[in-house]
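A note on names: the letters A, B, ... follow the listed sequences, proteins ahead of strands, and every chain is numbered from 1.
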Amino acid sequence: MSLQFWKPGTSGPGSTLDRDTQAEGSLISSAPSYAPLSVQSQRERLPIYKHRDKILYCIEKYPVAIVVGQTGCGKTTQIPQYLYEAGWAAEGNIIACTQPRRVAATSVAGRVASEVGSILGDEVGYTIRFEDVSDKERTRILYMTDGMLFRETLVDPLLSRYSVIMVDEAHERGIYTDLLLGLLKKIQKKRPSLRLVISSATLDATSFLNYFTSSSSKDDAIIVSLEGRVFPVEVAYLREPTADYVKAAAMTAWTTHLQPHPGDILIFLTGREEIDRCLEELSELIPTRPKNSRRLIPLPLHAGLTSDEQLRVFETADRDTRKVIIATNIAEASVTIDGIKYVIDSGFVKIRVYNPRTALASLATVPTSRASATQRAGRAGRTAPGVCYRLYPLSAYESMADSTPAEITRTDMTTPILQLKALGIDDLMKFDWVSSPPSESVLRALEGLVAAGMLGEDGRLTAIGAQVAECPVELGIARMMFKSKDFQCGEEILTIAAMTSVQDVFIIRDGAPGALDELERRKFTAEEGDHLTLLNAYNAFVRYGKSSSWCKSHALSFRAMSRAVSIRSQLKKYMQRFNLPIQSCEGDGKRLRQCLVSGYWRNGARWVADGTYRSVRGNQVLHVHPTSVMFTRKPRSGWVVFHEMEETKKTQIRILTEIEPDWLLEHGHVLVDKRSTGK
DNA sequence: GAGCACTGC
């Protein structure tokens, strides 16, 4: 395999790409000073400080200011402080800044608190799920996840506590960001004094500007451009496309490593399997290392790793070593590693897509967008000028979409629509979306909500619908929490609700140790299926003191179990508020499983002789996920309900429990006799 | 007999 790169700026045609890298900002000319400085003068030395007056003027004059600046230019930490100093937090007002991720909200709040010279949770605070480090009276700058602020609109529809709301990282277009922007536009009509700051990457700024600009006025919104604190990154493309970008990535990393220049390497691939293969390719090359050259240390980085394993990418390497980090999209925005000088980009990413017609979610490997390619390249220029090798030709870049489709266009809308209904937004077709969800997705969600009794036939919220809209769980799970009153099993349903909300409860290692893990898991296995197995695991975790070492020796994830404990106690508060009794079924598995059916009533399936299932709705072929305790077992009754289905190579169902078929009849199903279609 | 991009309430 031979790989030939070329750089559009230096040879051949293609000067279009220059713009791409030049626009990202220029080298900062002023060298960092090491003289002791006060916090205030340090802040004044940030490049963004030059724009302070312009930012404040635009926010004062325009209802919406769209702030464009690269990651790291200081907008997230500085703008709320400028607003604070300019008096926007007077008279009990709060300046909010939303983040799409929990870690960002907490870490930024911590940094700003120290810059302001206050204790975190006093003048500067943060609010994320399970953690409210803010003071009702004293907090003036509040960092929070966008999901939390969206939720707050259910309690205070005009968000009257806030004078300015800054929506950070809006270009990522997460579902809560989009929903929030739609609501904020509505709120501003009723409360014109509210100021909005939308922070976005360059490529998406005009779409936000159009969204917030009405046809009648030019003074609704303005774009404020900030100088980025980013170094230039040279971009190189492959002359010819490659059939195997994993191998190409390993080879490019290796040739880069053999160059004398220092600096770490970051490779973007799509998933764990590719990362493992790339590690293998590299381990074959490493022994060919010439004497006296530095050592190469490959490090995988993906969400499936434990936090200890993830932290290894931050360890500083010795002087004669070089790190090569082989990562998924986690390194594009969620995890930032300094010292990267070379980025190698496969040009692909895995995204979750939802098909509203079949109600199936699947993971698809697709080309990245230009925005995402730019973001990946920018990871090489955080601390010094860098190089990005794109493992595809320039023509492939040119055929990429500008940005990744917003999450709202490719996700199940059931819960968001219930929440919008609870906010009094009745005509969803008229709602002013930043990007509209597919109409099929809206219709399907409405149909599901009517069938579940959350909306009446007239499309209006029912009494139970209003309560369920407040619960931070999926529709089916909320429904079984409410039904647990009839089956007297609230205690167990709470646990099951929490355990099905967390991922990767059991940690089954690869190879020989995996067999031992399987044996550990078998200790929790319940005859009836996965839900009761999860219940057993939770109860054992609590019984043995919620200990991390106990988890380790029983193939359980301590992180997942601890999260389940938090979720359970949060859900318990909701049940108490809604006067739902929290009774135990005292080991009566039948009652408990009947209650499960009340939530999963649309997820019934019938076993057929080849070991697969057929869905009750649609008679679709379903395969049991290999992590299920029902993977090898035929249910005695021949029937199950399942938590979710997902399309991979096949359609798979996860977390299943055996039921009696007549329990489904009570929910209006007509069952086909097994002899007529079974093999 | 076999598999998991990443968030969030």
Reckon [X] touches a base, only the sugar-phosphate, or nothing at all at heavy-atom distances under 4.0 Å?
{"X": "A:Thr648", "value": "sugar-phosphate"}
{"X": "A:His623", "value": "nothing"}
{"X": "A:Ile128", "value": "sugar-phosphate"}
{"X": "A:Phe631", "value": "base"}
{"X": "A:Arg129", "value": "base"}

| What form does the base of B:dC6 take, syn (within 90° of 0) or anti? |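 B:dC6: anti.
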| field | Sequence neighbours excluded - salt bridge (Lys or Arg N to Asp or Glu O under 4.0 Å) pairs with any residue from residues 641-652 of chain A | value |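 Every salt bridge (Lys or Arg N to Asp or Glu O under 4.0 Å) pair that includes a residue of residues 641-652 of chain A, provided the two are not neighbours, is A:Arg352-A:Glu646, A:Glu644-A:Arg654.
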| field | Between A:Arg577 and A:Gln467: side-chain donor-acceptor atoms closer than 3.5 Å | value |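 Side-chain D/A pair, A:Arg577 to A:Gln467: absent.
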| field | Nearest-nucleotide 5' precedence on DNA chain B, A:Pro100 against A:Thr632 | value |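 Here A:Thr632 is the residue nearer the 5' end.
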| field | Along DNA chain B, first and last positions that approach a heavy atom of chain A under 4.0 Å | value |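 Answer, 5' to 3': B:dG1 to B:dC9.
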| request: Tell me, please, which residues at least two apart from A:Lys572 pass side-chain hydrogen bond (donor to acceptor under 3.5 Å, both in side chains). | output: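 Not a single residue meets the side-chain hydrogen bond (donor to acceptor under 3.5 Å, both in side chains) criterion with A:Lys572.
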| query | Does A:Glu172 have any side-chain hydrogen bond (donor to acceptor under 3.5 Å, both in side chains) partners at least two apart in sequence or in another chain, and if so, which? | reply |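 In terms of side-chain hydrogen bond (donor to acceptor under 3.5 Å, both in side chains), with neighbours along the sequence ignored, A:Glu172 is linked to A:Arg101.
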| field | Partners passing salt bridge (Lys or Arg N to Asp or Glu O under 4.0 Å) against A:Arg161 (at least two apart in sequence or in another chain) | value |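 With sequence neighbours excluded, A:Arg161 shows a salt bridge (Lys or Arg N to Asp or Glu O under 4.0 Å) to A:Glu152, given in chain and number order.
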| salt bridge (Lys or Arg N to Asp or Glu O under 4.0 Å) partners of A:Glu518, counting only residues at least two apart |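 Listed in chain order: A:Arg521.
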